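Lettering follows sequence order; numbering is per chain, from 1. Computed from a prediction, not measured in an experiment: that's the story for all the values here.
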2 protein chains.
Amino acid sequence: MPDDNFDLNLFLPYLLNQAAEASSLAFQQIYKDRYGMLRTEWRVLFHLGVYGQMTASEIGLRANMHKTKISRAVQKLTERRFVTRARDEGDRRLEHLTLTDFGHRAYDDLHRVAQRYDAMLTEGLTEVERDMLRGVLQKLAATRPRDFT
Amino acid sequence: MPDDNFDLNLFLPYLLNQAAEASSLAFQQIYKDRYGMLRTEWRVLFHLGVYGQMTASEIGLRANMHKTKISRAVQKLTERRFVTRARDEGDRRLEHLTLTDFGHRAYDDLHRVAQRYDAMLTEGLTEVERDMLRGVLQKLAATRPRDFT
DNA sequence: GCTTGTTAGTTACAAAATCAACTATTACAA
DNA sequence: TTGTAATAGTTGATTTTGTAACTAACAAGC
């Protein structure tokens, strides 16, 4: 009855999810414990930290996050004084988001953690493996659904 | 204000999640459209298809899924006649899960789709990249949270 | 100017995931 | 035995996500 003809653990969507979850766990614990953030909130914080001022939809575009997720994350981050919002005077639909000083300190902290964490994750890999891994993952992340039948 | 010192898109937990999501999308669409399954249900179905009869906690152990997720997935799969449950006579806490004929046909179908899909995902990669990718991802999937500060 | 369509962002409701508490059964040691 | 702990699995309450409908502001053609 078992199917020796297919190795589930090597099926890429499954394997990628396992790797992603396992390798996110300990970092997730840190931004949750230190700042009470969810994944969505961490992502918004980092986008603002890395790219500077952005609007919600710019973040959504870059992070592949739906606008409702971002809306809620921004609301939380604003309530907790990590982020401030400012209406665009030219186009009053737009809101420019920026980190507060407080938010910037949180970003600096987590950003340092992230760098050490990334180093830890890859310390078992060769130089070649590290480079190839990121290159291949970027290709896969750019995969847009298309027909394959 | 922007931080040129950190490339978010190369941060492994983030990059892995992006790759995992992008590369799961089209496959997810198929098991959802054809069989109305969720990710959890698809995973249980595949575990039973690949490994044969299993208990819920064996699946949880292999798939790194919480028992409540599995409990609910099994309930759905049983309602929809993909799976049958049988009490263990020796230890009446245990339930052995197996695919019905109907469930097996669904597995066979999706399993074929999965193989073609995997081939499509990796068609842009070299032989070396493919092998290294799966090897490295398996290492990362085995990452257990530990101290890195 | 007006209508029609588009974009930015929010809100409401439904679906799903998470967490804790629960039942039932077995293990095991006093 | 019998009392305590452990394991398998389920259920309920809460949180988070997903989907669709919504408001507000702008754009472009007539």
Taking for each residue the nucleotide of DNA chain D bearing the nearest heavy atom, is the 5' side occupied by B:T55 or by A:D91?
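Mapping each residue to its closest nucleotide by heavy atoms, the 5'-most match is B:T55.
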Starting from the 5' end of DNA chain D, give me the residue, A:T68 or A:D88, whose nearest nucleotide shows up first.
A:T68
Looking at B:R81, I'd like to know if its CZ atom is crowded, meaning that more than 12 non-hydrogen atoms belonging to other residues, nucleotides or ligands lie closer than 6.0 Å.
no
Could you state the [atom1]-[atom2] distance from [X] to [N], rounded to the nearest angstrom?
X     : N      : atom1 : atom2 : answer
B:M37 : C:dA15 : CE    : C1'   : 18 Å
B:H66 : D:dT16 : NE2   : C1'   : 16 Å
B:L77 : D:dT10 : CG    : P     : 12 Å
B:K76 : C:dA15 : NZ    : C1'   : 9 Å
A:Q75 : C:dA12 : CD    : P     : 11 Å
B:E21 : D:dT17 : CD    : C1'   : 12 Å
B:L97 : D:dA8  : CG    : C1'   : 11 Å
B:R43 : C:dA16 : CZ    : P     : 15 Å

Should the side chain of A:R72 and the base of D:dG18 be counted as holding a donor-acceptor pair, with the cut-off at 3.5 Å?
yes
C:dT7 base to A:R93 side chain: any donor-acceptor pair below 3.5 Å?
yes
Looking at B:T84, B:T55, B:D88, which hits side-chain hydrogen bond (donor to acceptor under 3.5 Å, both in side chains) with B:H96?
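The residue from B:T84, B:T55, B:D88 that satisfies side-chain hydrogen bond (donor to acceptor under 3.5 Å, both in side chains) with B:H96 turns out to be B:D88.
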Any base atoms under 4.0 Å from [X], or only sugar-phosphate, or nothing? Heavy atoms, all strands.
X     : value
A:I70 : nothing
A:G60 : nothing
B:R87 : nothing

B:E95 side-chain proximity, nearest of D:dT17, D:dG9, C:dC19
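My answer, after comparing the listed nucleotides, is D:dG9.
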Can you tell me if [X] touches the phosphate of [N], counting only side-chain N or O atoms and a distance under 4.0 Å to OP1 or OP2?
X     : N      : answer
B:S57 : D:dG9  : yes
B:R39 : D:dG18 : no
B:K69 : C:dA16 : no
B:S71 : D:dG9  : no

Within a strict 4.5 Å, meaning less than it, do heavy atoms of the B:V44 and B:M54 side chains meet?
no
So do the side chains of A:T100 and A:V83 get within less than 4.5 Å of each other, counting heavy atoms only?
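Side chain of A:T100 against side chain of A:V83, heavy atoms only: no contact under 4.5 Å found.
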Parallel under 30°, tilted from 30 to 60°, perpendicular over 60°: which one fits the rings of B:F46 and B:W42?
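Rings of B:F46 and B:W42: tilted, as their planes differ by 30° to 60°.
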Closest-nucleotide ordering on DNA chain C, the 5'-leading residue of A:K67 and B:E89:
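So the residue in question is A:K67.
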Taking the six-membered ring for Trp, are the ring centroids of A:F6 and B:Y107 within less than 6.0 Å of each other?
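Distance test on ring centres: not under 6.0 Å, no.
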